[in-house]
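Any value given below was found using the heavy atoms of this structure, including those in side chains, with hydrogens, waters and symmetry copies removed. Since the model is a prediction, treat every value here as computed from it, not as a measurement. Letters go in sequence order (proteins before strands), and every chain restarts at 1.
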Amino acid sequence: MKFLVCISLVPDTTTKISFVDNDTKFNTDKVQWILNPYDEWYALVRALELKEANGGTVTVVNVGGAANDATIRKALAIGADDAIRIDASGDLDSYAIASEIAAVAKSGGYDLVLLGKETISDNGSNVGGMVAELLDLPFISYASKLDVAGSTATIERDIEGGEEILSVDAPFVISCAKGMAEARIPNMKGIMAAKTKPLNVVTPQGTASLTTTVKYELPPAKSACKMISPDNVGELVQLLHNEAKVI
Amino acid sequence: MAVLFLVEVAAGKVKKASYEAASYAAQVATQLGTEAVGLALGTSDNAELAELGIYGAKKVVHANNADFDSFDAGAWAKAVSDAAASVGAKVVIIPQTLTGKAVAPRVAVRLNAGIISGAVSLPDADFVVKKTAFSGKAFAFMKITSDNKVIAFVPNSVGATKGSGSATVEASDIAPAASKVTVKDVKREGGNVAPLPEAELVVSAGRGMKGPENWGIIEDLANVLGATTACSRPVADVGWRPHHEHVGQTGVAIRPNLYIAIGISGAIQHLAGVNQSKVIVVINKDPEAPFFKAADYGIIGDAFEVVPKLTEAIKAFKASQG
Ligand SMILES: Cc1cc2nc3c(=O)[nH]c(=O)nc-3n(C[C@H](O)[C@H](O)[C@H](O)COP(=O)(O)OP(=O)(O)OC[C@H]3O[C@@H](n4cnc5c(N)ncnc54)[C@H](O)[C@@H]3O)c2cc1C
Ligand SMILES: Nc1ncnc2c1ncn2[C@@H]1O[C@H](COP(=O)(O)O)[C@@H](O)[C@H]1O
């Protein structure tokens with residue numbers, strides 16, 4: 001099977017978020033970029049496991065500028081066979097990103113397109129469904145298990161308050177959540193091999209975004225925490241009822 | 001013209017997030033000088049759907065076709081975009097439940113519409129919408145530049161406002177496109193309590209509980225409150241709790257009215273998924289636990305002593321309320 005794994009770059013999970021230019025731009029100064037955890041831990045690793053079990057190739061694709069290359073190489077070090085970077089920079093929205101990915105996915109003839117359930121920076125959960133619609137393929141979202149036999153996949157996905165088990169024939173698009181695989185740490189051999197694996201840069205088709213970000217805002221600072229004695233939990237109950245009005 | 005919103009029905013009942021969608025759509029419709037129309041897919045009875053009128057819907061289009069009951073994102077998205085075309089809706093409102101998250105982006109592509117997901121506010125006069133970003137560490141204000149617009153809002157963010165209207169329910173013969181997905185089994189847990197993303201009250205615990213055998217006191221507290229239980233990531237990772245209970249940056253993001261965190265240190269990745277809760281209570285034996293900085297109310301103490309006492313106090317309070 002040919003697997004295409006969509007990988008995005010996000011600020012490291014401990015990044016303190018701030019903004020510049022009158023709060024219209026994310027302050028990227030000193031930001032350490034990492035692969036989006038869902039893409040790396042679940043989508044990529046599960047694709048690699050399936051390839052190791054059944055054969056095939058794993059290609060990773062990223063839409064972004066040349067500064068992303070070093071981080072993309074990490075996906076190659078973890079085990080992807082090759083990478084495609086669609087050389088688009090600037091603020092692209094999920095539709096613009098999805099359009100670029102769909103074009104590459106279509107020409108490459110992949111059996112499975114895997115994504116993370118969301119980017120931890122945008123939290124849009126948009127790109128996967130859009131790619132599926134653009135390719136007119138089934139979209140299985142929030143999958144926590146994926147098995148493939150022949151060209152048929154059996155998938156477990158999260159639904160409200162539980163799980164659903166379904167089957168679907170390739171090709172399809174799947175977004176991956178926790179449970180699907182265990183994160184892998186690249187070893188020395190992988191890191192060395194990654195240096196010579198192909199990272200192909202392709203020209204974007206240039207689909208325009210349909211949204212713009214006007215400005216950003218940080219949540220209001222929390223007022224100081226009110227401490228209550230462990231011997232007087234009744235006071236907490238009263239505060240939750242009378243002051244906070246949540247019970 | 002109309003503003004269309006998606007209605008979800010589970011076990012014959014309209015979901016709470018759909019009432020909120022009705023409210024949201026009704027307010028957008030007022031801004032635009034038009035009406036809110038709901039679209040319900042799958043089996044449910046008309047009386048139940050008519051209730052959406054109380055929240056501002058003028059009409060609910062109902063495709064009472066059991067083939068919609070087993071969810072397929074592609075089939076649902078086609079139905080939504082067909083309905084948008086037939087009622088002349090340029091704006092579609094979708095609650096960001098797990099179902100909504102799969103449908104909304106497909107609808108956006110079908111309608112050539114820009115989408116704002118993670119919305120936590122109504123559009124302002126310029127149609128700028130506030131949305132969550134950076135896992136709850138910030139908000140972005142976004143504008144849709146296309147003619148058609150899709151807004152996917154976070155449940156519990158704008159609230160369902162009750163009025164006194166009523167909705168007519170209109171049968172529709174929209175049928176699902178043939179699906180390539182076969183649903184084989186559905187496993188639901190948790191019985192009556194609200195699933196995490198919709199829950200108003202959440203009791204959550206972490207590694208401070210020492211082991212899965214100690215979760216009884218957490219469940220007792222959740223039960224007296226009618227709250228849903230959650231946990232920190234390491235707890236789900238080692239299998240003390242089911243993984244769908246894991247909240248945080250890499251788990252479920254929630255915004256309940258009340259979040260009680262017990263024996264959780266308050267790491268930044270945990271906070272990222274819960275910091276939009278309206279009120280946070282932290283119970284931790286370590287006065288230096290970072291979670292206290294993000295809390296509204298705190299108790300420094302041993303969970304094994306404090307939690308049972310709190311459960312009793314809430315029981316007594318509920319009894320006094322009758
Ligand atoms: C990329 C990435 C993503 C992550 N995503 C998430 C995520 O989504 N969600 C998440 O939760 N974590 C996430 N983490 C992990 C996170 O960094 C923390 O390690 C984790 O949240 C800690 O869990 P905890 O608070 O239960 O355990 P600990 O940090 O071990 O804290 C236990 C707490 O219990 C207290 N305690 C101990 N005994 C008692 C007692 N008897 N009574 C009261 N209090 C007691 C201790 O004082 C301590 O504060 C992520 C980490 C990374 C690197
Ligand atoms: N710039 C990008 N390049 C490649 N894949 C991306 C990009 N942005 C998002 N994705 C993929 O789409 C998924 C969902 O992203 P989002 O819609 O932003 O939540 C991510 O987990 C990635 O798999």
> Do B/Asn275 and A/Lys222 come within less than 4.5 Å of each other through their side chains, counting heavy atoms only?
Replying inline: no
>> Only pairs of heavy atoms separated by less than 4.5 Å count here; which of A/Asp122, A/Leu218, A/Asp93 has the most with chain B?
In response: A/Asp122
>> Working to the nearest 0.5 angstrom, can you tell me the gap between A/Ser167 OG and B/Lys180 NZ?
In response: 13.5 Å
>> Using heavy-atom distances under 4.5 Å, tell me whether A/Asn232 contacts chain B through its side chain, its backbone, both, or neither.
In response: neither
>> For chain A, which candidate among B/Pro256, B/Ala253, B/Gly301, B/Gly251 shows the most heavy-atom pairs at distances under 4.5 Å?
In response: B/Gly251
>> Between A/Asn123 and B/Ser135 (side chain of the first, backbone of the second, donor and acceptor by atom type, cut-off under 3.5 Å), is there such a pair?
In response: yes
> Which answer fits B/Asp126, side chain, backbone, both or neither, if we ask what part of it has an atom under 4.5 Å from a heavy atom of chain A?
Replying inline: neither
>> Looking at chain A, which one of B/Asp296, B/Asn257, B/Leu310 has the largest number of heavy-atom pairs inside 4.5 Å, strictly under?
In response: B/Asp296
> From B/Leu98 CG over to A/Ile159 CD1, what is the distance, rounded to the nearest 0.5 angstrom?
Replying inline: 8.5 Å
>> Does any backbone or side-chain atom of B/Ala236 lie under 4.5 Å from a heavy atom of chain A? Answer side chain, backbone, both or neither.
In response: both
>> Could you check whether any side-chain heavy atom of A/Glu163 comes within less than 4.5 Å of a side-chain heavy atom of B/His244, counting everything from C-beta outward?
In response: yes
> Do the non-hydrogen side-chain atoms of B/Ile300 and A/Met227 ever get within less than 4.5 Å of each other?
Replying inline: yes
> Which bit of B/Val128 is near chain A, if near means a heavy-atom gap under 4.5 Å: side chain, backbone, both or neither?
Replying inline: side chain
> Would a 4.5 Å heavy-atom cut-off, applied to side chains only, mark A/Leu236 and B/Ile299 as touching?
Replying inline: yes
> chain B: which of A/Arg157, A/Glu182, A/Lys16 shares the most heavy-atom pairs with it under 4.5 Å?
Replying inline: A/Arg157
>> Between A/Glu217 and B/Lys130 (salt bridge meaning N to carboxylate O under 4.0 Å), is one present in this structure?
In response: yes
> Which pair of non-hydrogen atoms, one from A/Pro11 and one from B/Phe134, has the smallest distance, and what is that distance?
Replying inline: CG-CE2, 4.0 Å
>> Tell me if the CG atom of A/Asp91 is crowded by more than 12 foreign heavy atoms within 6.0 Å.
In response: no
>> If I compare all heavy atoms of B/Met142 with all of A/Thr213, which pair ends up nearest, and what's the gap?
In response: CG-OG1, 3.6 Å
>> Looking only at heavy atoms and a cut-off of under 4.5 Å, which of A/Gly124, A/Pro37, A/Ser121 has the most pairs with chain B?
In response: A/Ser121
>> For B/Lys131, which atoms come within 4.5 Å of any heavy atom of chain A: side chain, backbone, both, or neither?
In response: side chain
> Does A/Tyr95 use its side chain to pair, donor to acceptor, with the backbone of B/Gly114 at less than 3.5 Å?
Replying inline: no
> How close do B/Phe292 and A/Cys225 get, heavy atom to heavy atom, and via which atoms?
Replying inline: O-CB, 3.3 Å
>> Is B/Glu305 in contact with chain A via its backbone, its side chain, both, or neither, using a 4.5 Å heavy-atom distance?
In response: neither
> Which bit of B/Ile283 comes within less than 4.5 Å of chain A, counting heavy atoms only: side chain, backbone, both or neither?
Replying inline: neither
>> I'd like to verify something: which residue of A/Val237, A/Ile120, A/Val168 has the highest number of heavy-atom pairs under 4.5 Å with chain B?
In response: A/Ile120
> Of the backbone (N, CA, C, O) and the side chain (C-beta and beyond), which part of B/Ala133 lies under 4.5 Å from a heavy atom of chain A, both, or neither?
Replying inline: both
>> When you measure from the centre of the six-membered ring of B/Phe141, is the NZ or CZ of A/Lys215 closer than 6.0 Å and no more than 45° off the axis?
In response: yes
> Say you draw a straight line from OG1 of A/Thr13 to NE2 of B/His270; how long is it, rounded to the nearest 0.5 Å?
Replying inline: 14.0 Å
> Would B/Tyr297 and A/Glu235 count as having a side-chain donor-acceptor pair, cut-off 3.5 Å?
Replying inline: no
>> Test your reading of the model: is there a side-chain donor-acceptor pair from B/Lys137 to the backbone of A/Thr15, 3.5 Å cut-off?
In response: yes
>> Quick check for you: among A/Ile165, A/Leu240, A/Leu166, which has the greatest number of heavy-atom pairs under 4.5 Å with chain B?
In response: A/Ile165
> So do A/Ile140 and B/Val181 actually touch side chain to side chain, heavy atoms under 4.5 Å?
Replying inline: yes
>> Closer than 3.5 angstrom, by distance alone: can the side chain of B/Lys309 be matched with the main-chain N or O of A/Pro230 as a donor-acceptor pair?
In response: yes
> Of all heavy-atom pairs between B/Pro105 and A/Ser125, which one has the smallest distance, and what is that distance?
Replying inline: CG-O, 3.8 Å
>> Nearest 0.5 Å, please: how far is CD in A/Glu164 from CG in B/Asp185?
In response: 9.0 Å
> Which bit of B/Ala294 is near chain A, if near means a heavy-atom gap under 4.5 Å: side chain, backbone, both or neither?
Replying inline: backbone
> Do you know which two heavy atoms are closest between A/Ser141 and B/Ala102, and how far apart they sit?
Replying inline: OG-CB, 3.4 Å
> If you measure from NZ on B/Lys318 to NE2 on A/His241, what distance do you get to the nearest 0.5 Å?
Replying inline: 10.5 Å
>> I need the residue from A/Val131, A/Asp23, A/Val233, A/Thr14 with the largest number of non-hydrogen atom pairs under 4.5 Å to chain B.
In response: A/Val233
> Closest approach of B/Thr250 and A/Lys117, non-hydrogen atoms and distance?
Replying inline: O-NZ, 4.3 Å
> Looking at CD1 of A/Ile247 and CD of B/Glu200, how far apart are the two atoms once the value is rounded to the nearest 0.5 Å?
Replying inline: 13.5 Å
